[in-house]
Amino acid sequence: MSAPTRSTVRDSLGLGLAVGLYGAAFGAAADAAGLNAWQAISMSALMFTGASQFALVGVLGAGGGALAAVGSAFLLGTRNTVYGVRLVPLLQPKGVARRLGLSQWVIDETTAMALAAPDRRLGRLAFLVTGASIYLMWNAMTAVGVLGAAALGGTARAALDAVVPAAFLALLWPRLRSSFPEAATQRKVALGGAVVALVLTPFVPPGVQVIAAVVAVVLAGPPRAGERSTAAEEMA
Amino acid sequence: MNTTLWAAVLAGSLGCYLLKLAGLSVPAAWVEQPWVARIVDFVPAALLGALVAVQAATSGRELVVDGRLVSLAVAALALALRAPFIVVLVLAGAAGALVHVLA
């Protein structure tokens, strides 16, 4: 193995194993939302996109209906469509079977690692190694999380209830940092989503306020592409 | 209830898979429209913001103030200090457990 190949494999494996550990947090959140172990494990194997999985069980855990829960998962899942478009030139999936297979691993981490690689061959390698290591670790740790959480008592349950909003905040946080593109607008959008959801909570079935908040904020309209320069000036 | 959960799990999984497959299958021009790009840029912030609020401060149709808000503040502080994800979760969980024991 050449040095660049070795370093790509090492970085991809490291990221995959580290990220996959959070499967335990998902398993615990799924248990807190009332899913059984098989449902949690099926989600990690079949859905395999962390933010959507957390959103689905988060809405169910808040007492929301299945439609609102699935809708939230889809909204977050649209990211992966854009990632796929960016990965096509790099992966060049030939044939239906390969396309069907590669699709499942198109997520935040595999896209980031593949696009960061110095050339096309290493990009493919990074995608495959990151995908395989996250997939295996995420699924194994989901089982650990959901089975572990089922055995917990009252105080541990309170801890678990407290972990779920913290997990969402941690997923949101990188978008609020000033290094993120249009961070000022991202902050307004996130705050808007939170306020609209809280205001609607007493009036709509649980879970619906989450979808309604997203629709309201998107309709209210973040600045269009042409106004980006103004947002950039605000930040400067 | 269990059937509904399975339906949500399976329908959600199928839809999320199809969203991924679409990316590798549709012409790039369909997805690279400016309005699609704007939605993809901003929907996650709105959705995650709403989920943080709902998970931390509601129960059913009621607004509730309890240990979860204390945990959220602890998590925010840890994130501001650039703590790793797992440390943030452990601190938030510990704060939640502490409030439960004290209250």
Side-chain angles (χ1 to χ4, degrees), chain A residues 25 35 39 42-43 46-47 49 52 55-56 58 62-63 66 69-70 73-85 88 93 99 103 106 155 158-159 161-173 175 186 189-191 193-194 197-198 201-202 206 210 213-214 217-218 222 225, chain B residues 4-13 15-17 19-25 28 31-32 34 37-58 60-63 67-68 71-72 75-76 79 85-86 88-89 92-97 99-101:
Chain A
L35 270 69
Q39 288 162 340
S42 301
M43 273 184 75
L46 301 176
M47 187 176 284
T49 175
S52 292
L56 192 145
V70 170
F74 288 171
L75 284 172
L76 282 170
T78 54
R79 281 183 348 287
N80 296 328
T81 309
V82 177
Y83 294 156
V85 170
V88 165
R99 192 165 294 180
S103 296
V106 176
T155 303
D161 282 346
V163 165
V164 178
F168 283 120
L169 186 65
L171 289 171
L172 174 62
W173 202 266
R175 296 178 174 273
Q186 293 281 355
V189 166
L191 188 62
L198 288 180
T201 293
V210 174
V214 174
V217 169
V218 169
Chain B
T4 314
L5 287 180
W6 271 117
V9 165
L10 296 177
S13 298
C16 285
Y17 176 73
L19 284 168
K20 293 173 180 172
L21 182 62
L24 290 186
S25 307
V31 177
E32 287 174 346
R38 299 310 287 168
I39 288 181
V40 171
D41 281 349
F42 287 104
V43 158
L47 188 59
L48 292 169
L51 284 168
V52 169
V54 167
Q55 292 291 318
T58 73
R61 289 197 181 186
E62 284 168 27
L63 300 182
R68 291 174 298 170
S71 295
L72 191 66
L79 286 163
F85 189 83
I86 200 75
V88 172
L89 298 192
V99 171
H100 180 81
V101 170

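Proteins come first, then strands; the chains are lettered A, B, ... in the order of their sequence lines, and each starts at number 1.
Both the backbone and the side chain of A/F74 come within contact range of chain B, with heavy atoms under 4.5 Å apart. The contact between A/A25 and chain B is made entirely by side chain atoms (from C-beta outward), counting heavy-atom distances below 4.5 Å. For chain A, no part of B/A95 is nearby; none of its heavy atoms comes within less than 4.5 Å. With a 4.5 Å cut-off on non-hydrogen atoms, A/R175 touches chain B through its side chain but not through its backbone. For a residue to count as touching a neighbouring chain, one of its non-hydrogen atoms must lie under 4.5 Å from one of that chain's; by this rule A/L56 touches chain B with the side chain only. Interface remark: B/A56 contributes backbone and side-chain atoms alike to the contact with chain A (heavy atom separation under 4.5 Å).
Your options are A/G84, A/S103, A/G77, and the one with the most heavy-atom pairs under 4.5 Å with chain B is A/S103. The residue among B/V99, B/V101, B/V54, B/L10 with the most heavy atom pairs within less than 4.5 Å of chain A is B/V54. Per-residue heavy-atom pair counts under 4.5 Å with chain B were compared for A/V164, A/V210, A/L191, and the maximum is reached by A/V210. Comparing A/A197, A/P165, A/G193 by how many heavy-atom pairs each has under 4.5 Å with chain B, the most go to A/P165. Considering only heavy-atom pairs separated by less than 4.5 Å from chain A, the leading option among B/P44, B/S71, B/A92, B/A75 is B/P44. Counting heavy-atom pairs under 4.5 Å between each of A/A166, A/A167, A/A194, A/G63 and chain B puts A/A194 at the top. Interface remark: of the candidates A/A69, A/A66, A/A213, A/A158, A/A158 forms the most heavy-atom pairs closer than 4.5 Å to chain B. Contact count against chain A (heavy-atom pairs under 4.5 Å) is highest for B/G15 among B/A94, B/G15, B/A22, B/A57. Comparing A/L76, A/L46, A/L171, A/V85 by how many heavy-atom pairs each has under 4.5 Å with chain B, the most go to A/V85.
Annotation: the span from B/L51 atom CG to A/L172 atom CG amounts to 10.0 Å, rounded to 0.5 Å. Interatomic distance, B/L47 CG to A/F168 CZ, rounded to the nearest 0.5 Å: 8.0 Å. Atom CG in B/L19 sits 10.5 Å away from atom CZ in A/R79 (nearest 0.5 Å). Separating the CG atom in B/L89 from the CG atom in A/L169 is a distance of 10.5 Å, to the nearest 0.5 Å.
Nearest heavy atoms, B/V9 versus A/L35: CG2-CD2, 4.0 Å. Between B/A8 and A/V70, the shortest heavy-atom distance links the atoms O-CG2, 3.6 Å. Between A/W173 and B/A76, the shortest heavy-atom distance links the atoms CH2-O, 3.7 Å. The nearest pair of heavy atoms linking B/A97 to A/T155 is CB-CG2, 3.7 Å. Considering every non-hydrogen atom in both A/A62 and B/Q55, the closest pair reads CB-NE2, 4.0 Å.
By the 4.5 Å heavy-atom criterion applied to side chains, B/H100 and A/D161 are not counted as neighbours.
A donor-acceptor pair is defined here as one N or O able to donate and one able to accept, closer than 3.5 Å; no such pair exists between the side chain of A/Q186 and the backbone of B/A45. Using modelled atom types, one side-chain atom of B/K20 and one backbone atom of A/M47 make a donor-acceptor pair closer than 3.5 Å.
Remark: A/S52 engages no residue in a side chain to side chain donor-acceptor pair (under 3.5 Å) (not counting sequence neighbours). For A/T201, the side chain to side chain donor-acceptor pair (under 3.5 Å) partners at least two apart in sequence or on another chain are A/Q209.
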